[in-house]
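This report concerns only the one structure given below.
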Amino acid sequence: MDWLDQIKWDRDGLVPVIAQEQGSGDILMFAWMNREALARTAERGEAVYWSRSRQKLWHKGEESGHVQQVHGIRLDCDNDVVLLTITQHGHKPGIACHTGRHSCFFQKLEQGRWTTVEPVLKDPATIYKA
C-alpha cells in the first residue's frame with residue numbers, strides 16, 4: 001500500500017480528516033485516522049476513524065446508524081490532511097454530529113460570542129445507548 005506511505009502521519013501515527021457532504025458541500029466533521037482506519041475506509045467505502053478518546057477504531061455509525069458512504073478520498077498539497085467526500089446516511093437530513101445536528105460546525109462567531117446556528121435534528125439520548 002504505497003499510497004499510505006505518501007501520507008505525512010503525525011508523531012502518533014495519525015492524520016487529520018475532514019468529512020464533506022457530496023451533495024451540499026457542507027463540512028460535516030473533523031476526525032483522525034491512523035493507517036488501518038484509512039485503509040479500511042478505502043476498502044469498505046465507508047468512513048472508519050481512529051477515536052483518540054477511546055483509543056480504538058471507530059466505524060462511523062456503529063452505534064448511531066449514521067454511516068458515512070465515501071465517494072472520494074483526497075490528500076492536500078502537503079500530504080498531511082485527508083478530505084473525504086461522503087453521503088451521510090441514517091437520518092434525513094443526515095446527522096454527522098454526536099449532538100444530533102447535521103454538522104459538527106454548528107456554532108458561529110457573531111459579535112464576539114459563539115451562537116448556535118443549526119438545530120438539533122434528533123435527541124442524542126435516543127441515538128446513543130449509554
Side-chain angles (χ1 to χ4, degrees):
M1 293 207 183
D2 292 340
W3 62 275
L4 287 170
D5 294 333
Q6 294 176 27
I7 295 172
K8 292 181 183 170
W9 305 96
D10 73 7
R11 68 173 184 253
D12 297 320
L14 302 174
V15 66
V17 181
I18 298 166
Q20 182 178 31
E21 190 171 48
Q22 182 178 39
S24 68
D26 289 347
I27 302 299
L28 298 185
M29 58 178 278
F30 167 87
W32 296 91
M33 286 185 179
N34 63 9
R35 290 177 70 93
E36 185 178 1
L38 186 51
R40 285 192 186 189
T41 296
E43 285 172 17
R44 297 178 82 139
E46 292 182 350
V48 177
Y49 299 105
W50 175 256
S51 172
R52 294 183 306 161
S53 60
R54 292 178 277 176
Q55 290 291 295
K56 68 174 196 165
L57 291 176
W58 157 46
H59 178 214
K60 177 70 172 154
E62 66 191 16
E63 288 183 38
S64 66
H66 301 152
V67 173
Q68 292 179 343
Q69 177 186 359
V70 177
H71 302 288
I73 301 173
R74 291 184 177 222
L75 188 61
D76 80 327
C77 58
D78 294 322
N79 291 11
D80 62 359
V81 178
V82 171
L83 173 66
L84 300 181
T85 306
I86 61 104
T87 297
Q88 184 68 56
H89 293 288
H91 187 274
K92 294 287 183 192
I95 295 174
C97 186
H98 75 282
T99 66
R101 291 178 173 87
H102 177 61
S103 170
C104 294
F105 297 96
F106 60 87
Q107 299 176 88
K108 181 178 179 183
L109 185 61
E110 294 180 330
Q111 298 176 347
R113 298 176 63 169
W114 292 109
T115 305
T116 298
V117 295
E118 286 193 22
V120 173
L121 301 173
K122 190 170 183 183
D123 181 353
T126 65
I127 299 171
Y128 301 100
K129 286 84 181 158

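Numbering of residues begins at 1 and proceeds along the displayed sequence. Please read all numbers here as calculations on a predicted model, not as lab measurements.
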Ring pair (Phe, Tyr, Trp, His ring centres under 6.0 Å) pairs touching residues 11-43, sequence neighbours excluded, are F30-W32
Residues 104-118, side-chain donor-acceptor partners within the protein, below 3.5 Å, at least two apart:
residue	atom	partner	partner atom	Å
E110	OE1	T115	OG1	3.3
E118	OE1	S103	N	3.4

Check your understanding: Sub-3.5 Å donor-acceptor pair from the side chain of K60 to the main-chain atoms of A96, do we have one?
Key -> yes
Across all chains, not counting sequence neighbours, the side chain to side chain contact (heavy atoms under 4.5 Å, CB included) partners of K92 are none
Atom pairs and distances, side-chain donor-acceptor, residues 16-24, under 3.5 Å, sequence neighbours left out:
residue	atom	partner	partner atom	Å
Q20	NE2	G25	O	3.0
E21	OE1	S24	OG	2.4
E21	OE1	H102	NE2	3.1
Q22	OE1	H71	NE2	3.1
S24	OG	D26	N	3.0
S24	OG	D26	OD2	3.2

| Heavy-atom check, side chain of V120 versus side chain of T99, under 4.5 Å | no
When rounded to the nearest 0.5 Å, the distance separating CG of L83 from CD1 of I27 is 6.5 Å
Rounded to the nearest 0.5 angstrom, the CD-CG distance for Q69 and L84 is 12.0 Å
Between Q68 and H89, do the side chains contain a donor N or O and an acceptor N or O under 3.5 Å apart? no
d(L4 CG, M33 CE) to nearest 0.5 Å is 11.0 Å
Sorted by chain and residue number, the side chain to side chain contact (heavy atoms under 4.5 Å, CB included) partners of K122 (sequence neighbours excluded) come out as H91, I95, T126, I127
Note to self: L75 vs V81, test: side-chain contact (heavy atoms from CB on, under 4.5 Å). Steps then yes/no.
What the structure shows: CA-CA 6 Å; L75 188 61; V81 178; over 6 Å; no
Applied to residues 43-68, the ring pair (Phe, Tyr, Trp, His ring centres under 6.0 Å) test, sequence neighbours excluded, yields Y49-W58
Legend entry - Side-chain (D12) to main-chain (L14) donor-acceptor, under 3.5 angstrom: no
Note: with side-chain heavy atoms under 4.5 Å as the link, the other cluster members for V67 come out as none
Closest non-hydrogen atoms of T41 and V48, given as atom of the first, atom of the second and distance, are OG1-N, 2.9 Å
- Any chance you could lay out the side-chain contact (heavy atoms from CB on, under 4.5 Å) test for D5 and R35, step after step, and finish with the verdict? CA-CA 9 Å; D5 294 333; R35 290 177 70 93; 3.0 Å; yes
Nearest heavy-atom approach of L38 to W9 is CD2-CH2, 4.0 Å
Those residues at least two apart in sequence (or on a different chain) that pass side chain to side chain donor-acceptor pair (under 3.5 Å) with E36 are R40
Applied to residues 74-86, the side chain to side chain donor-acceptor pair (under 3.5 Å) test, sequence neighbours excluded, yields none
For R54, the side chain to side chain donor-acceptor pair (under 3.5 Å) test, sequence neighbours excluded, returns S51
